[in-house]
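Working notes for the structure below.
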Amino acid sequence: MTGIIGWYVPDWMVTDHPDILDWNNLNKYADLFKTSESGDKGQFLASDPTFVTNDEALVTNLKLNYKVVYSGSEAASITAYQQASKNKTPLLGYFYDPQWLLNEVKLDKVNLPKWTEGCDADPKLVNCDYPPYTLNKIVATKFATDGGKAYDLVKAFSWTNKDQNEVADAIANKNMAPEDAAKAWIDAHPDTWKAWMAGSSGY
C-alpha cells in the first residue's frame, strides 16, 4: 500500500467543476469555499492541529486566497467530508488514503505542485505536495529465519489501499471484530488470497 496525504474534495465537485483538481484553479473557486470562519477567503479545512502538516505554508507560498481552519480532530474532518458528500456542500481539506472513510465516500485528490526531494526541507517554504509513503511489511528477524510457511505467506501477502479501507470500515463502522472483518474480506476476495497461497512454498 501507499500512504497518500494531500488536499481532497468530494467527488461531486469534480463532476461540477472538472478543472478543480488543478491547484492553479483553486483561486478561481475560492468563493465556493467561503464560510463564516474564513471570512472573505475560501476555507481550507485542516485536521487536528497537533498533526505535522504543510497546509498553512502551502496556502502562503502558492499565493492561494484561502484561510486554514482546523477541524480539531480526525473525527471532525471525517464528519465534515461525510456531510459535504451527502449534502453537496463545497469542501477542500487535508485528508489521506488509506482511511476507512474512502470505503464510504469518494474523495478526489487535488494535484499540488509535484513533490521532489528537498522541496519540503524548510517547513516555512514548502510549495509542493506531500510525498507518498510506502507502507512496509516488517517482521522480526527470527520469524524471517524460522517462520517457514507462515513467513512465506507474509512475504506473498499484498493488498491495496482499497482492500485496507474495506476491512477498516467493517471494523470501525459495522461492529465487526477484526477476525470477522478479515474473514468477510477473505470470503469476498478468493482470487487475491489464493494467489498469495500459490506464491508461498509448500502449499
Side-chain angles (χ1 to χ4, degrees), residues 1-9 11 14 21-23 44-48 50-58 61-62 73-75 77-78 81 92-173 178-179 181-182 184-186 188-201 203:
M1 296 184 297
T2 302
I4 306 171
I5 298 172
W7 291 10
Y8 288 80
V9 295
D11 185 60
V14 181
L21 296 184
D22 181 344
W23 75 270
F44 176 88
L45 188 69
S47 188
D48 188 321
T50 65
F51 288 1
V52 178
T53 60
N54 302 329
D55 304 320
E56 294 199 34
L58 283 165
N61 297 326
L62 296 179
S73 68
E74 179 187 53
S77 289
I78 288 172
Y81 274 113
L92 169 67
Y94 170 96
F95 211 69
Y96 33 83
D97 182 18
Q99 216 290 339
W100 64 256
L101 176 67
L102 301 179
N103 195 58
E104 176 185 317
V105 301
K106 189 172 186 325
L107 304 181
D108 291 298
K109 187 175 178 294
V110 173
N111 296 311
L112 295 172
K114 187 176 181 179
W115 180 86
T116 57
E117 189 72 38
C119 70
D120 52 359
D122 187 333
K124 293 181 180 178
L125 300 179
V126 177
N127 61 358
C128 59
D129 210 341
Y130 290 87
Y133 294 92
T134 300
L135 305 180
N136 296 313
K137 294 182 289 185
I138 299 174
V139 301
T141 302
K142 180 173 175 50
F143 178 63
T145 303
D146 303 331
K149 293 179 181 179
Y151 177 59
D152 290 340
L153 178 59
V154 169
K155 283 198 298 182
F157 167 86
S158 176
W159 69 357
T160 65
N161 288 18
K162 183 177 183 297
D163 295 323
Q164 169 71 21
N165 292 337
E166 184 178 332
V167 174
D169 184 38
I171 296 169
N173 300 304
E179 294 83 357
W185 185 90
I186 287 169
H189 301 277
D191 291 344
T192 302
W193 64 261
K194 284 178 181 178
W196 304 340
M197 303 296 280
S200 302
S201 63
Y203 288 99

Inset, instruction - Could you check Asp108 against Asp11 for side-chain contact (heavy atoms from CB on, under 4.5 Å), going step by step and ending with a plain yes or no? - result: CA-CA 6 Å; Asp108 291 298; Asp11 185 60; 2.4 Å; yes
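Between the side chain of Trp196 and the backbone N or O of Ser158, at least one donor-acceptor pair lies under 3.5 Å. The main-chain N or O of Tyr81 is never found under 3.5 Å from a side-chain atom of Tyr8 such that the two would form a donor-acceptor pair. In this structure a side-chain-to-backbone donor-acceptor pair under 3.5 Å is missing from Asn136 to Ile138. The backbone N or O of Val126 lies less than 3.5 Å from no partner atom in the side chain of Asp120, so there is not a single donor-acceptor pair.
In this structure, CE on Met1 lies 10.5 Å from NZ on Lys137, to the nearest 0.5 angstrom. Annotation: the span from Leu58 atom CG to Thr53 atom OG1 amounts to 9.0 Å, rounded to 0.5 Å. Rounding to the nearest 0.5 angstrom, the gap separating the SG atom in Cys119 from the NZ atom in Lys114 is 11.0 Å. Here Lys142 contributes atom NZ and Tyr151 contributes atom OH; the two are 14.5 Å apart, rounded to the nearest 0.5 Å. Atom CG of residue Leu107 and atom OH of residue Tyr96 lie 11.5 Å apart, to the nearest 0.5 angstrom. Put simply, CH2 on Trp23 and CG on Leu62 are 4.5 Å apart, with the number rounded to the nearest 0.5 Å.
Across Pro98 and Gly3, no two heavy atoms sit closer than the pair CD-CA, 4.2 Å. Annotation for Leu153 and Met197: closest pair CD1-SD, 3.7 Å, computed over non-hydrogen atoms. Nearest heavy-atom pair across Thr2 and Pro132 is CG2-CB, 3.8 Å. Between Val154 and Val139, the shortest heavy-atom distance links the atoms CG1-CG1, 3.9 Å. Nearest heavy atoms, Ala170 versus Ala181: CB-CB, 3.9 Å. Heavy atoms only, all atoms of each residue included: Tyr130 and Asn54 are closest at OH-N, 2.7 Å.
Taking the charged nitrogens against the carboxylate oxygens, Asp97 and Lys109 have no contact shorter than 4.0 Å, which rules out a salt bridge.
Contact check for Trp100 versus Ile78: side-chain heavy atoms found under the 4.5 Å cut-off. Counting only heavy atoms from C-beta outward, the side chains of Val9 and Leu92 approach each other to under 4.5 Å.
Take Asn103 and apply the side-chain contact (heavy atoms from CB on, under 4.5 Å) test, not counting sequence neighbours, and it matches Asn165, Glu166, Asp169.
Classification of the Trp7-Phe44 ring pair by plane angle, with boundaries at 30° and 60°, yields tilted. Using the six-membered ring where Trp is involved, Phe51 and Tyr94 have ring planes that are tilted, between 30° and 60° apart.
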